[in-house]
Amino acid sequence: MLQYPNLEQALKYHFGYDRFRPGQRQIIEDALQNRDLLVVMPTGGGKSLCFQLPALLKKGLTVVVSPLIALMQDQVEGLRNNNISATFLNSSLNAYKVRSREEAILNGRVKLLYVAPERLLSERFLPFLDLVHHQVGISSFAIDEAHCVSEWGHDFRPEYRQLKSLRKRYTNIPTIALTATATDRVRGDIIQQLGLKQPSIHITSFNRQNLYYEVRAKTKSAYAELLELIRESEGSVIVYCLTRKKVDELTFKLQNHKIAALPYHAGLNDEERSQNQTRFIRDDVRVIVATIAFGMGINKPDVRLVVHFDIPRNLESYYQESGRAGRDGESSRCSIFFSFGDIKTIEWSIEQKTDPQEQLIAKQQLRQMIDYAEGTDCRRTIQLGYFGERFAGNCGNCDNCRYPKPVEDWTIEAMKFLSCVARCKERFGMLHIIDVLRGAKNQKITLNQHDQLSTYGIGKDRTVDEWRMLGRSLLHQGLLEQTSDGYSVLKLNALSWEVMRRQRTVSVAVPVAQKITWEEGNAKAAEMEILLQKLRSLRKKLADEQSVPPYVVFPDSTLKLMTQVQPKTLTEFGKLSGVGSHKLSQYGEKFLAEIRAYRQEQGVLDPQDNSAFFHGLPSDTEILTFQLHQQGLSVHEIAQKRNIRPTTIIRHLADLIEKNQPVDLNQLVPLERQQKIWQVLEVLGDISLTPIKEQLGDSYTYDEIRLVRGKWRRENRR
Ligand code: ADP
Ligand code: ZN
């Protein structure tokens with residue numbers, strides 16, 4: 001630890017990153033103090049770094065317990081590409097390899113060792129570990145996927161239970177347990193089962209800011225929309241379906257439309273499955289169509305789109321599955337296609353369960369999933385609420401926030417609909433009711449003489465889809481019931497009668513057409529796209545030479561920075577986030593050459609001035625403020641903690657916003673107030689704060705104006 005002036009420098013040197021993600025720094029500090037730790041972070045939060053960096057800074061070997069062979073290999077490959085000596089021991093190795101790795105460990109040449117729990121606790125391995133302990137020292141145990149010790153988690157593994165014996169054998173070696181599972185019960189279980197001693201507990205927010213959430217109606221055009229989504233997205237895509245059959249059909253269709261897609265489900269043999277997975281991870285194909293069996297054990301950080309083409313079973317699994325998008329923090333998209341037909345399929349499979357308790361839970365979970373899909377509130381608020389995390393709403397990065405659905409008064413229509421149900425004597429399903437309302441002519445109607453009813457044909461002014469939307473909405477608002485005997489007969493309840501008696505109004509959120517793109521492009525962007533493609537190909541080539549996934553060479557974010565900054569020297573190149581010391585020497589020249597060639601092709605002769613970019617980076621003090629802000633501290637708390645005046649903190653935040661750092665402005669200034677200030681800025685332009693404040697009146701503070709001006713400047717800089 002003393003070797004480095006500060007942790008940021010160590011981070012840059014070994015991993016190439018400029019700053020810590022929320023929570024990482026504190027966890028690492030605690031780890032360096034040899035404390036036991038429980039780390040709860042969402043997928044993509046950056047858990048691995050929390051034990052990897054301390055492993056490098058401490059003396060001795062860090063032993064990482066990890067449940068899946070694939071995960072171990074991924075992590076070790078990634079570490080080696082940063083020139084970090086890591087290795088794994090598992091059943092895939094022959095005796096010779098095992099011996100030579102053990103030797104390297106005993107010679108102190110390895111900093112991180114990945115093992116599966118069953119090996120760790122075997123008769124043969126423990127004496128070896130004793131030897132390591134004596135000869136080179138064990139700096140800590142890191143237990144990855146620690147929820148596996150808990151029966152309450154979704155992935156219980158009995159062998160994890162025995163890890164407690166490690167505590168007894170090596171009493172003074174600290175343990176760090178890591179998981180992405182959110183529930184209290186599992187957390188308590190982890191602490192107890194692993195025998196953590198007064199652990200320092202770190203729970204970061206489950207909010208994945210970089211993910212855009214949306215739900216689309218699964219209409220006839222769903223496949224066309226899916227195709228467009230895939231074509232629009234820039235990187236890897238996972239499409240989840242409920243059944244193997246659907247996976248195969250969809251893969252086939254996509255392949256016919258010239259999309260490089262492969263299937264993944266339990267019906268394929270092991271070899272095919274692992275082959276398809278590898279081709280996906282290595283970017284040989286862009287799309288994997290899968291049942292939910294896919295995902296556990298893949299660490300691919302650059303998935304840009306996760307589509308649930310069928311509705312997920314519950315919110316928890318949706319959070320985990322959609323969470324496989326954008327682990328690298330780059331903006332990514334999560335889409336659900338939602339139809340009532342699918343709900344019926346799931347309901348049917350729930351009915352097949354024999355345990356009534358299980359059935360009840362499954363039904364309730366499905367209900368929550370439907371409410372999420374149908375909800376008009378901020379999707380993030382609903383998801384985080386499910387995990388007991390409060391979120392103010394208005395995230396600005398979900399369909400409901402971006403394109404709020406207008407709520408319309410449909411009381412009259414509801415009265416028509418419900419009275420039609422009443423007149424049909426509560427003996428028919430939704431489609432028949434709609435037929436009657438729209439005055440359809442068919443046998444069922446004539447047979448029942450429903451063309452004689454007073455409600456026959458009174459709903460011609462609305463389409464079938466509109467009536468169906470109303471019907472569903474009435475069901476979900478509890479203003480109408482439906483039998484679950486498989487016939488889905490509509491039934492009235494007390495609330496239905498209140499509506500019909502005009503004692504209750506009915507509002508319905510009306511869907512609006514959604515735009516596919518969510519990032520505006522421009523000519524400059526299109527130009528840079530060419531360079532990005534070149535850099536991608538180079539990355540793929542270098543990755544294939546070493547047979548590692550491309551993201552191991554450089555993450556997407558670093559490639560993007562290369563296209564933006566277009567560095568000309570190794571020094572400039574080394575400053576980019578994601579370029580550590582080793583990667584600089586290994587790849588720097590190659591990427592620089594590619595960039596140079598591109599610039600020549602484009603006829604760019606005058607050296608581009610990059611200094612603006614480097615000036616545009618936040619200063620050290622701003623970064624400190626930013627980190628505290630990301631941990632959720634208020635302006636006053638930050639000021640207190642840093643012993644600086646609050647106005648200075650505001651200045652930092654405003655500048656950070658201007659420098660395009662993800663400061664959450666909505667958390668600082670309510671949206672309506674932002675809009676007011678914005679309007680004034682549009683009129684008065686970028687002048688000093690006083691006249692702007694005069695225009696707005698006393699209820700607005702300088703702080704608020706300064707913050708919004710930061711954003712205004714950012715948007716108006718070009
Ligand atoms: P988790 O295990 O929590 O799901 P990982 O440890 O796999 O997440 O990290 C997710 C991704 O984020 C990885 O690609 C990792 O390299 C990257 N990452 C981790 N820490 C940082 C950081 N401080 N800055 C930038 N990227 C980071
Ligand atoms: Zn939202």
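Just so you know, ligand 1 is whichever comes first in the structure, and atom 1 is the first atom listed for that ligand.
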Working note: Phe554 + Phe591, criterion ring pair (Phe, Tyr, Trp, His ring centres under 6.0 Å); need CA distance, chi angles, decisive distance, verdict. CA-CA 11 Å; Phe554 278 124; Phe591 280 86; 5.2 Å; yes
Tabulated below should be the N or O atoms of ligand 1 paired with protein N or O atoms at under 3.5 Å; can you produce that?
residue: ligand 1; atom: 3 (O); partner: Gly45; partner atom: N; Å: 3.4
residue: ligand 1; atom: 3 (O); partner: Gly46; partner atom: N; Å: 3.1
residue: ligand 1; atom: 3 (O); partner: Lys47; partner atom: N; Å: 2.9
residue: ligand 1; atom: 3 (O); partner: Lys47; partner atom: NZ; Å: 2.9
residue: ligand 1; atom: 4 (O); partner: Gly44; partner atom: N; Å: 2.6
residue: ligand 1; atom: 4 (O); partner: Arg327; partner atom: NH2; Å: 2.7
residue: ligand 1; atom: 6 (O); partner: Lys47; partner atom: N; Å: 3.4
residue: ligand 1; atom: 6 (O); partner: Ser48; partner atom: N; Å: 3.1
residue: ligand 1; atom: 6 (O); partner: Ser48; partner atom: OG; Å: 2.6
residue: ligand 1; atom: 8 (O); partner: Gly46; partner atom: N; Å: 3.3
residue: ligand 1; atom: 12 (O); partner: Arg21; partner atom: NH1; Å: 3.2
residue: ligand 1; atom: 12 (O); partner: Arg21; partner atom: NH2; Å: 3.1
residue: ligand 1; atom: 16 (O); partner: Tyr17; partner atom: OH; Å: 2.6
residue: ligand 1; atom: 20 (N); partner: Gln24; partner atom: NE2; Å: 3.0
residue: ligand 1; atom: 23 (N); partner: Arg19; partner atom: O; Å: 2.9
residue: ligand 1; atom: 23 (N); partner: Gln24; partner atom: OE1; Å: 3.1
residue: ligand 1; atom: 26 (N); partner: Arg21; partner atom: NH2; Å: 3.3

The criterion is side chain to side chain contact (heavy atoms under 4.5 Å, CB included); which residues satisfy it with Leu570, sequence neighbours excluded? Leu584, Glu589, Leu592
Protein N, O or S within less than 2.8 Å of the Zn ion (ligand 2), waters excluded: Cys378 SG, Cys395 SG, Cys398 SG, Cys401 SG
Strictly by modelled atom types, are Gln630 and Arg19 linked by a side-chain donor-acceptor pair under 3.5 Å? no
Below 4.0 angstrom, N of the basic side chain to O of the carboxylate: do Arg25 and Glu8 qualify? yes
The criterion is side chain to side chain contact (heavy atoms under 4.5 Å, CB included); which residues satisfy it with Ser92, sequence neighbours excluded? Gln73, Phe88, Asn90
Point-to-point distance, once rounded to the nearest 0.5 Å, from OH of Tyr318 to OH of Tyr240: 11.0 Å
Could you please spell out the steps behind the side-chain contact (heavy atoms from CB on, under 4.5 Å) verdict for Gln546 and Glu77? CA-CA 10 Å; Gln546 310 170 62; Glu77 271 168 13; over 6 Å; no
Counting N and O atoms only, with roles assigned by atom type, does the side chain of Lys300 sit under 3.5 Å from a partner on the main chain of Arg327, one being a donor and the other an acceptor? no
Side-chain donor or acceptor of Arg21 paired with backbone N/O of Gly44 under 3.5 Å: yes
